[in-house]
S.K.: 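Attaching a single structure in structure tokens format; questions to follow.
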Amino acid sequence: MTSEIAQERRIVTEIPGPRSRELQERRRAAVPPGVGSVLPVYVTDAGGGVVVDADGNSLIDFGSGIAVTNVGNANARVAERVKAQVERFTHTCFMVAPYESYVQVCEALNALTPGDHEKRTILVNSGAEAVENAVKIARYATGRQAVVVFDHGYHGRTLLTMTLTAKNMPYKHGFGPYAPEVYRMPLAYPFRWPSGPENCGEEAARQAIDQITKQIGPENVAAVVIEPIAGEGGFIEPAPGFLPRIAEFAEANGILFVADEVQTGFARTGDLFACEHEGIVPDLITTAKGIAGGLPLAAVTGRADIMDKVHGGGLGGTYGGNPLACEAALAVLEEIEARGLVERARAIGDTMLPRLRELAAAHEAIGDVRGRGAMVAIELVKPGTKEPDPQLTAEVARRCHQAGLLVLTAGTYGNVLRFLPPLVIPDHLLNEGLDILADAFTAATA
Ligand SMILES: *Cc1c(COP(=O)(O)O)cnc(C)c1O
């Protein structure tokens with residue numbers, strides 16, 4: 001069941017250690033700095049709740065490679081299925097000569113994503129490619145051009161998806177001009193809503209709908225594209241009522257509702273998909289990250305009547321739905337079911353949220369604690385204000401890294417610490433990670 005790698009934190013050198021620093025030097029001569037790394041420890045092994053580096057340090061993993069290894073790194077079922085496939089064949093190109101596993105993954109996604117209607121799925125390589133394809137399909141099916149996105153949204157790094165993304169640095173800066181016909185609306189961000197969190201959902205929805213109506217014209221809008229919980233934007237859970245109101249407006253106006261579940265999908269939030277929380281049934285849903293245990297795979301799943309409209313040959317790509325990635329995805333879906341990982345994600349949230357609230361009670365710098373399931377975060381502010389504190393956020397993250405806890409930051413203002421442990425992390429590592437975080441806060445604010 002559990003990975004063979006020892007499930008312990010073990011720090012034997014400074015972080016990063018000498019071997020990692022040596023590799024970092026080589027990397028500097030080979031890889032441009034535009035590609036960053038949160039923590040340059042060079043990984044040799046990973047599994048369960050730990051990542052082991054080239055110096056023999058074993059770090060607790062609160063990142064899952066950005067919500068990807070939900071079933072753990074080196075998951076046995078994933079490894080077995082991929083190994084069997086790699087020995088049979090590695091690629092034919094589904095557009096040249098198809099194979100069953102692609103169809104199986106599509107059948108599974110059609111059955112498991114929200115809504116009982118007839119669905120179709122296409123497979124591609126990355127989250128950005130899935131979002132691009134969702135927009136292509138939505139434009140084709142509606143004959144309309146405008147795309148509506150939201151503040152704090154993140155949808156990828158290609159020309160179109162970087163345009164859909166809200167934040168300038170580091171995603172957009174210097175990479176313009178951007179794609180046309182993209183319009184950004186307010187998001188119901190409870191912690192930062194001017195009139196407070198109580199009326200946030202309703203007010204934000206009203207503003208968004210008013211702006212769409214007055215500035216674009218609903219009849220010109222192909223799709224609204226939204227993350228049910230904004231990921232890179234800082235794990236912002238839109239205030240209750242916001243998503244249903246936007247979905248209702250979209251439906252009434254022939255606008256397709258595209259849920260970008262690239263980060264929230266596959267049991268992460270304590271539902272298989274985050275849309276389920278408020279009973280949203282999207283017209284199209286994009287998935288990636290948690291789908292295949294780290295093998296490159298992504299999907300667009302949507303209403304059959306929409307998906308079937310596009311002409312033959314209009315969709316695809318050389319590697320999309322690669323057979324190794326499809327086998328991995330089938331293994332991931334089996335693991336989620338067999339190990340009850342939806343329930344496990346909820347249990348992780350039930351462990352983390354109370355301890356983070358306790359920490360917030362002790363540290364004025366923690367302005368907000370939020371999240372669902374195993375997708376939780378804290379937002380750091382200057383005490384007594386809502387002014388973001390990205391310096392303290394970086395300092396706490398640095399201290400966590402030094403102590404052997406891999407945490408990630410996020411947020412439009414760079415002031416969010418986000419926690420995405422693998423869903424198979426053992427409880428003792430989860431608790432030890434939270435202890436390290438508490439110590440890091442005490443030291444950083446002393
Ligand atoms: C990561 C992410 C993407 C982009 O996925 P890539 O695989 O990095 O292209 C798109 N949308 C959301 C919500 C994401 O979190």
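For ligands, and for the atoms within them, numbers begin at 1 and follow the listed sequence. Along the sequence shown, the residues carry numbers beginning at 1.
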S.K.: Using heavy atoms and a cut-off under 4.0 Å, could you grab the residues that are in contact with ligand 1, chain by chain, numbers ascending?
M.R.: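 The 4.0 Å shell around ligand 1 contains Ser126, Gly127, Ala128, Tyr154, His155, Gly156, Glu227, Asp260, Val262, Gln263, Lys289.
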S.K.: Between Phe266 and Phe273, is the gap from one ring center to the other below 6.0 Å?
M.R.: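 For Phe266 and Phe273, the ring centres are under 6.0 Å apart.
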S.K.: I need the full list of side chain to side chain donor-acceptor pair (under 3.5 Å) pairs touching residues 293-304, with sequence neighbours left out, sorted by first then second residue.
M.R.: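 Listed once each, the pairs are Thr121-Thr301, Asp283-Arg303, Arg303-Asp305.
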S.K.: Can you sort out the partners of Arg206 under salt bridge (charged side-chain N to carboxylate O under 4.0 Å, His left out), two or more places apart, ordered by chain and number?
M.R.: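 Applying salt bridge (charged side-chain N to carboxylate O under 4.0 Å, His left out) to Arg206 gives Glu202.
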S.K.: Less than 4.5 Å apart, side chain to side chain, heavy atoms only: is that true for Ile425 and Arg344?
M.R.: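 Touching, per the 4.5 Å side-chain cut-off.
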S.K.: Show every ring pair (Phe, Tyr, Trp, His ring centres under 6.0 Å) that has at least one partner inside residues 304-347, sequence neighbours left out.
M.R.: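 For residues 304-347, and leaving out neighbouring residues, the ring pair (Phe, Tyr, Trp, His ring centres under 6.0 Å) pairs sorted by first residue read His91-Tyr319, Tyr140-His311.
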S.K.: Taking atom types as modelled, find out whether Ser101 and Gln104 have a side-chain donor-acceptor pair closer than 3.5 angstrom.
M.R.: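 Side-chain D/A pair, Ser101 to Gln104: absent.
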